[in-house]
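Below is one structure, written out as structure tokens; the observations come after it.
These values consider heavy atoms only, across backbone and side chains, with no hydrogens, waters or symmetry-generated copies.
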Amino acid sequence: MKLKRKRTRKSVTSPRARRSKSQSPGASIATPDRARSPALQASSSFLSSMASTSKGKGTLDEDDQEEEFEHFDDFTLASSWERFISEIEAVCRQWLADGPKNLVEKGAVCSDISKNIYKIKSELKYALKTYSMEYYFEINNNGKVEEWISMLHELQQSFGVKDFLVIAPQSASGVVLDAPEASKLLSAVAIALSNCSSLWPAFVPVHDPSRKAYIGIQNMGTIFTRRFEADRIGSQVPIKLMHLEGLYELFVSKFVYSTVDLSMHLFKLHFKMKLTYKTLPPGDGDGDIEVQGSDTEFSESGGKPDFDAPCKVQWDEDCPWSEWYSAEDPVKGFELLSIWSERIIESSMDMAELENATPLEADKWFIIPNLSLNLEGCDGNTVGFASQLHLLVDALNSSLDAQFMEDFVSVESSGSENLKSSAVIPPPTVLDRVLKDLFHEQIKRELDIGEHKNSRAIKGAPLESLFSQFCLHALWFGNCNIRAIAVLWIEFVREVRWCWEESQLLPRMPTNGSIDLSTCLINQKLHMLAICINKKRQQSQENQDVMEMEDSISSYTEEDVRDSTDLSPLLDINEDSGVERDSPSTLDGLVNGVVATNISNSKHQNATLSSEHTRRGSSGVVGSMMLLKSYQNMHAPFTQDPPLMTEDMHEERLQAVEALGDSFNFSAQLEREILLSDMSAFKAANPDAVFEDFIRWHSPRDWENDDRKEIGSPENSGNEWPPRGRLSERMSESGNSWRKIWNEAPPLAASEQKPLLDPNREGEKVLHYLETLQPHKLLEQMVCTAFRAAAETLGQTTYGSLKPMTAKIEQLYVTMASSLKYLQRYNRSVDSEIIGDLRRLCVIFDHVEKLLHLAASLHRTFLQAPRLSETIFNSFYDFYLPKMGTGSVSSNVEKEFIMKEKVMMQEREVIASMFTPPTANQSWRKVLSMGNLLNGHEPIFREIIFSKRDHVSGSYYAANNSRDYMREIETYRMYICGTSNDLSVALAVTSCD
């Protein structure tokens, strides 16, 4: 049996929510010339509208009316409005139960504003619409909002809240455009939060999205409720609100009657302010000359930029890499935060004084660097050593199958059409400029420039050497494609041959000394050629001098020579030799001594008579050592330098030793020429010497003394003669090769011998090697040398005492040595794995290069405040470190670097000097309107917080609680931010229920 009853409505509204809430008279923002917003009117009466939803036929939605069956009232079914509130309540209870840490584990995402702010979202449906409710919360926070310093959400900054909810429709605009709907949403969330006993504030975005307007409410317990409203004036800001006095009066008008004369009353208000200043962008100034050309044009045409053309001064003009390219300044500018801490303001006069105050009087200064580093890798649009090295590695990969460099130049065999079209060869004028710089320009820097201690681990060439400079030019010649490199190399070898044929010294190469086998083979060959050219020039000069002297001597008779004293300076006869100055053989000795070819270390050798028993080529007595067969001191001879050998020559000798097996005998055979030269010179300096004397001088370890003296110690300290001893077993063997060479060696001084190094033969060998060098062999050595030269060039940068930068450069050299070691091995083929390693090395090099640009720029900017440069660089280094070694930016790594660094009092003048006075023709500079100028710069952004605090009194809720009675709360708070053309205002009002 069914019962019929009159239909009633079950209500879930709490008794407290049913009470109408009276709003304070000043709870809305009464901006000039603007009517009160409908959303605010709705928010002031949203609770009364909530109560009306439970009355009769006047419900808000038709969905609230349930179908009745036989006049039976079913109290178990709730309306859609109640179900909507219940869903919000369930979500909020779940979030409250989980807590911040569990919410992060369950999928809460970090906001783009700060890594400490997270948000979690839930979708809700009501009345055929879908809403999104987002909960913003912080982790690792002590509960206090740090205004001005921390990166806060706009609602946190505007209203001083911490955790909060935002509910908005899922639409294109994301805001609520209808005032009743906004009020209803806020009411639903307020009821749900009240049922959860949550103190979270809730906000609803309203109006047009560009206004960034919100309304909100917060239940603060059983006594207080806070209401929020924010809006924005995007243009036509009243002049009065551009100044602090007008903003002060705007805030006061929210809690006093309009009839009160504000100038006659004192109000103790709390005030704090932050002003943001920004340095001028680079190049925004007077007197700057247009830059002629660009890096792109330069890289396409090849060669170094023409610095003779008029251009404005670049930030890196005196940096070591500026010879090759101009880098973009990674420091785009700085923002200065000038903060006035909280103080008591009693009248508008105090505000006028603050507006006229200089930022130097502010309590705190913070500087925010605006850094811009391209994180896309070395193959992006940036120009630098790393990008060109990447192209050089591509050229190496293209050269693996070619036999000759000419194959890339000739039209018939230059490869695919794609290579012909993409590999552009610069015009002849660019090629001539590069060759002129390499061979004919005056060398301004020293060849022995300091190098990094780890650079020799890379088998390249010294930075200022000819081949190293060739590699650096090749990086920028025709954008470093294989065809352009082939053209440049062929012309380079032609210039080298011209220097050889014309006996012109090779520029940037030493003409003496030993060959450094730790460098690449091309550098060794060029060093060998430079020495050969120098010896060739010396021989030509000496032959010319001899011919001139012979002509002059032939004009004298033998009698004239005896009587003349003009030739006496030409005669350098050793008095100990026993030869008289006026002997008939003197003239013959003179002529023979001049005709003989001298070497570099025998310039002081005495000209002597060509007699078998005449001492020639002596450099002096060897201690107290005496000859075995005659009571004479032993003389050390001048000897020829051993023949120079490059790495491939040593390799050939080692292979021959391994092939013949008897390494000792074969080594003696290979060294026969050197040994024969030394024995001949020793015989000439010691005419009465025997084989044992030579062993005692040349190889002391093969002479055994009878008195068991230490090998190599001075003998016959008591002038005991003859010395006692014998040859070692090795030298005593029958048929010893050394004794055979001794018996065959003629007594000839070093100047009379045939040179061990034939400059003509060795020079032609070098040119043959350069002209027939295979492309991949050339490119392998170019890659090693280019990496080393680029690193040494960047290593000359001055960046102060930035320890992370120094450590990163050290690590770069180790990484380069490890990655390039496969190219440094003799006769090793290159495969795709090595090419991949080289490309990864380019990425690492790119990261280090960008860090070095930043270090140099910060060091130049903060020369007088090094602490700031170190702090900023170290912070950026920690931010950038996870990206190093990768070609792309990972999704879980921060993509934007943001930091604030406090400026000390002694550093303020340095920072202030960065704000150069603006000029009248700068387009950004408007009419000054806000005051607080810093060297003529007005703040680009101003943030102000006014607040009024009152004691809890006169409320029946606090009548029985003395502690609450004396409690002080913030009853009014206004946050104002913007510029003279854009003003945002946020008001929070606390009232007692």
* Asked: For the ring pair Tyr880 and His847, is the centre-to-centre distance below 6.0 Å?
  -> yes
* Basic-acidic side-chain contact under 4.0 Å: Lys162, Glu138 -> no
* To do: Only counting residues at least two apart or in another chain, list the ones meeting side chain to side chain contact (heavy atoms under 4.5 Å, CB included) with Leu794.
  => Trp321, Tyr325, Phe385, Phe845, Glu849, Leu852
* Presence of salt bridge, Lys212 and Glu229, under 4.0 angstrom -> no
* To do: Would you mind checking if Glu938 and Lys278 are paired as a salt bridge, meaning a charged N to carboxylate O distance below 4.0 Å?
  => no
* Sequence neighbours left out, what passes ring pair (Phe, Tyr, Trp, His ring centres under 6.0 Å) with Phe334? Give chain and number order. => Phe862
* May I ask you to check if Lys948 and Phe255 form a cation-pi contact, with NZ or CZ under 6.0 angstrom from the six-membered ring centre and within 45° of the axis? => yes
* Asked: Is the shortest heavy-atom distance from the side chain of Val237 to the side chain of Asp982 under 4.5 Å?
  -> no
* **Check: Asn981/Thr979 side-chain N/O donor and acceptor closer than 3.5 Å** => no
* Asked: Given the side-chain rings of Phe879 and Phe876, with only the six-membered ring counted for Trp, is the space between their centroids under 6.0 Å?
  -> yes
* Do Lys240 and Glu249 sit within salt-bridge range, that is, some charged N less than 4.0 Å from a carboxylate O? -> yes
* **Spacing of CZ belonging to Arg908 relative to CG belonging to Leu934, to within rounding of 0.5 Å** => 11.0 Å
* Asked: Rounded to the nearest 0.5 Å, how far does OG of Ser338 lie from CD1 of Ile911?
  -> 12.5 Å
* To do: For residues His859 and Tyr799, establish whether the separation of their ring centroids is below 6.0 Å.
  => no
* **Set of side-chain hydrogen bond (donor to acceptor under 3.5 Å, both in side chains) partners for Thr861, sequence neighbours left out** => none
* With a 6.0 Å cut-off on ring centres, are Trp200 and Tyr135 close enough? -> yes
* Asked: Does a donor on one side chain sit under 3.5 Å from an acceptor on the other, for Glu134 and Tyr136?
  -> yes
* Structure fact -> Partner of Thr276 under side chain to side chain contact (heavy atoms under 4.5 Å, CB included), picked from Leu337, Ile368, Leu336, is Leu337
* **Partners meeting ring pair (Phe, Tyr, Trp, His ring centres under 6.0 Å) with Tyr214 (sequence neighbours left out)** => none
* Criterion ring pair (Phe, Tyr, Trp, His ring centres under 6.0 Å) on Phe915 and His937, from CA distance to verdict -> CA-CA 7 Å; Phe915 292 84; His937 293 256; 5.7 Å; yes
* Run the salt-bridge test on Arg860 and Asp316 with the 4.0 Å N-O cut-off and return the result as yes or no. => no
* Does Met273 reach the side chain of Glu943, with side-chain heavy atoms less than 4.5 Å apart? -> no
* **Which residues share a side-chain hydrogen bond (donor to acceptor under 3.5 Å, both in side chains) with Tyr118, sequence neighbours left out** => none
* Starting from the C-alpha separation in whole Å, work towards a yes-or-no answer on salt bridge (charged side-chain N to carboxylate O under 4.0 Å, His left out) for Arg949 and Glu342. => CA-CA 13 Å; Arg949 300 171 186 172; Glu342 187 172 86; 3.0 Å; yes
* Whether over 12 other heavy atoms sit under 6.0 Å from Gln906 CD -> yes
* Any residue meeting side-chain hydrogen bond (donor to acceptor under 3.5 Å, both in side chains) with Gln811, in chain and number order, not counting sequence neighbours -> Lys808
